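Report on the following structure.
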Number of protein chains: 2
Amino acid sequence: MSPQERTHATIVDVANRAGVAISSASAALNDRPGVSPSTRDRIRKVAAELGYVPSIRGRSLSTKRAFSVGFVVERDFAVLEADPFFGAFIGGIEETLEPNGYALSLQIAGSAESSLDRQVKLADARRVDGVFLSEIRIDDPRIEALRTRGLPAVGINPDAGFPFPAVRQDSAVAIHELVQEMVDLGHRRIAHVMGRESYVHTEQRLAAWRDAMSSAKLPAKTVVEGGFTYEGGVRAADRLLSRKQRPTAVFCANDLMALGFMNRAAELGLSIPDDISVAGFDGISVGEYIRPRLTSIRTDPRALGRESARVLLELIDGEAPADVEIPPATVLSRDSLGPAPR
Amino acid sequence: MSPQERTHATIVDVANRAGVAISSASAALNDRPGVSPSTRDRIRKVAAELGYVPSIRGRSLSTKRAFSVGFVVERDFAVLEADPFFGAFIGGIEETLEPNGYALSLQIAGSAESSLDRQVKLADARRVDGVFLSEIRIDDPRIEALRTRGLPAVGINPDAGFPFPAVRQDSAVAIHELVQEMVDLGHRRIAHVMGRESYVHTEQRLAAWRDAMSSAKLPAKTVVEGGFTYEGGVRAADRLLSRKQRPTAVFCANDLMALGFMNRAAELGLSIPDDISVAGFDGISVGEYIRPRLTSIRTDPRALGRESARVLLELIDGEAPADVEIPPATVLSRDSLGPAPR
DNA sequence: GCAAGAAGCCGAAACGTTTCGGGCTTTTGC
DNA sequence: GCAAAAGCCCGAAACGTTTCGGCTTCTTGC
């Protein structure tokens, strides 16, 4: 069986059958002026009869548009697997893309280099009209690559000075609230398990925690890196809980690390939240399913996806969209936070 | 900023600069015969200088190929979020697609109707050369839609009689082993929490469980539906554990339901695995992170993706690939299985 | 009743590639 | 030394759209 045995009706077929020029058919079908109501109807009817659907290929070539946008996910498979951001974000993107006749070209890259490479290939082959930039690193090389190519891009939670339009969801306020909640519960030694180094969102969460600590007049010294993985959380627990003056509360930069931390703490004989309080970030559904249920910070990846796509489409249309700020993340209070032990 | 301000080098530019005809440039760059080594080199050099990358658009139109395949995911967001299949499967697809110059067009559909609709649109607009068919339903309408359109497709774990090439991973053997393990531990009343009705994989797992039970000469009567969701698992626990003669072991058709079941059982004062044994299906990483760790059945969505893409590409190339069977799923023994209470 | 304008329609070019048939030149075989 | 074959290269058509300038025909305003 050949790849395309059944041949599709083209606009030429429609035009012929309706007895008009191709240009008239095109105008009629695209709601452009210059064709009388009666011919327009006739053309429409013929098109429907023939089951005509415009070929995105011809259209692409002619309009110099791919009608497709790209998203290169750069994440370890291990992390990806337990990551809610991914699916929800894409779902949000789709909400905007679909009604606009756009499709999403998704790629998964294992490493940063390959991620850059893939992004570049998408752009150079003119496969996409624009891309989403997520999981942004400090001095991310993708930014420069995109810039020299003049490819429209939108950043998800980038830092200040980002050269493309951005969509952001503030989480600093929620982190402040969370820390304040800990303080109100009597905690004074509050540690942070930070994410993978050199990621912008790692820094953002770290900075917010630091600010919150200093607002509470507490030292923001106790930080260990957990790399956003479960195992990182386990290691962090080992490191933090072996200290003489161990923290009584821990804020982990994502839920996966919080899970690892909790499990290791339990293995070490500590009870949560009686002996130690733990909070995560992301609000993944699994946090609801474990015991104690994980207190976290709820973000809205779906809205982030929806808005990013909207901004990207505007950018592709030649507009100059302003940055978008969606409603801030909120504290998701559950059971892993308790009063500080005395 | 216009969508395409920087203009890419085309094959015409290459041909002009190299002083040859376009057809020669094309032949040279595509390793086709009919051009001397020296001119070939010259053309290649010029192409490199100009940073020439063939436009997928022009190529698509000319070759009648999209160089892109489609995958429409039809799943509730709630399920999607905690689902490992998705990310790993796509990762596997990519492993095959990327070296072959193909891209993946991903869509997420909330409902079955919309899923069909999206699939059809992808096909009719000639956006893709083929599609993956996953989460197949009994009498899935997508099959017919694909058939009438003559669009290449490959099925993931379809049932017998599926009209397109298929890639399968057997799980019946593993389910047999799992049930046998339960029997060996003294269990006699073993229940099944099945997935969402009318899905092929729901039936497959149910049938395997039934077979295993009958091999062990046990009645395969106790079945409740859990719809593949966490809440379904919770409800299943309510239903099964309120019986006078409650089961001592439960096999859930996915891990998410097993999680719900375990949590509800714990809430009802039952201890796992002392009072009741629980097993899931999928082997999601979260199963490792909860206590007790969830015994499950490990599948290999990554390999499934990799092989499906391989088969799909062959099919697109006009070959007639045979069905592929990847190594079977295995039992992932952890802590949620124990001896039957007496 | 007539010039000017508008409306409706058409033909052709353009987008970037591949492919095919056909000339020209060089090599080969005898 | 000559015909045949091979090798190299070229021009043009085709893929399916959109778009633009121009040609008719109709309407309008006076």
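Computation of the quantities below employed the complete heavy-atom set of this structure, encompassing side-chain atoms and omitting hydrogens, waters and symmetry-equivalent molecules. Chain naming here is simple, since letters A, B, ... match the order of the sequence lines and numbering starts at 1 in each. Since we're looking at a predicted model, the values are computed, not measured.
- Contact annotation for A:Val53: backbone-only contact, meaning every heavy-atom pair under 4.0 Å involves sugar-phosphate atoms and none involves a base.
- If you measure from atom CD1 of B:Ile11 to atom P of D:dC10, you get 13 Å, rounded to the nearest angstrom.
- Look at B:Asp317 and B:Arg65 and you find a salt bridge, because one of the NZ, NE, NH1 or NH2 atoms lies within 4.0 Å of a carboxylate O, short of that distance.
- Nearest to the side chain of B:Ala21, among C:dC9, D:dC9, D:dC10, sits D:dC10.
- Listed nucleotides: C:dT17, C:dC10, C:dT18. Nearest to the side chain of B:Asn30: C:dT18.
- Within the 4.0 angstrom heavy-atom criterion, base atoms lie near A:Ile22.
- Of the candidates C:dG8, C:dC9, D:dT17, D:dT17 carries the atom nearest the A:Arg59 side chain, counting heavy atoms from C-beta on.
- Of all the heavy atoms in A:Ala153 and A:Pro165, the pair that sits closest is O-CD, 3.6 Å.
- A:Arg137 has a carboxylate O that lies under 4.0 Å from a charged side-chain N of A:Glu74, or vice versa, which qualifies the two as a salt bridge.
- Between the P atom of C:dG8 and the CD1 atom of A:Ile43 lies a distance of 12 Å, rounded to the nearest Å.
- If you take CG of A:Asn16 and P of D:dG16, they are 13 Å apart, rounded to a whole angstrom.
- Between B:Lys64 atom NZ and C:dT17 atom C1' there is a gap of 13 Å when expressed in whole angstrom units.
- Among the heavy atoms of the strands, none lies under 4.0 Å from B:Ser60.
- For B:Ser62, no side-chain nitrogen or oxygen approaches OP1 or OP2 of D:dA14 to under 4.0 Å.
- The shortest side-chain heavy-atom distance between B:Phe162 and B:Val200 does not fall under the 4.5 Å cut-off.
- The nearest whole Å value for the distance from the CZ atom in B:Arg57 to the C1' atom in C:dT18 is 18 Å.
- At the heavy-atom level, B:Arg40 lies nowhere under 4.0 Å from the strands shown.
- When distances run from any side-chain atom of A:Val20 to the nucleotides C:dC10, C:dT19, C:dG8, the shortest one goes to C:dC10.
- B:Arg42 has its CZ atom 13 Å from the P atom of D:dC8, to the nearest Å.
- Interface remark: the A:Ser36 side chain does not form any donor-acceptor pair with the C:dG8 base, using a distance-only criterion of under 3.5 Å.
- For B:Arg126 and D:dT17, the CZ to P distance is 6 Å, given to the nearest whole Å.
- Relative ring orientation between B:Phe89 and B:Phe132 is described as perpendicular, the plane-to-plane angle rising above 60° on a 0-90° scale split at 30° and 60°.
- Residue A:Ser26 is in base contact, counting any heavy-atom pair closer than 4.0 Å across all strands shown.
- Along DNA chain C, the nucleotide nearest to A:Pro33 and the one nearest to B:Ala27 differ in position, and the one closer to the 5' end is contacted by A:Pro33.
- Residue contacts shown for A:Ser23 include a base, since a base heavy atom lies under 4.0 Å away.
- Side-chain N/O atoms of B:Ser26 and B:Ser23 include no donor and acceptor closer than 3.5 Å.
- Put simply, CZ on B:Arg65 is 18 Å from P on C:dT17, counting in whole angstrom units.
- The B:Ser55 side chain lies nearest to C:dT17 when the options are C:dT17, C:dC10, D:dG16.
- Here A:Thr10 does not reach the OP1 or OP2 of D:dC15: none of its side-chain N or O atoms lies under 4.0 Å away.
- A:Tyr52 comes within 4.0 angstrom of the backbone, heavy atoms only, and of no base.
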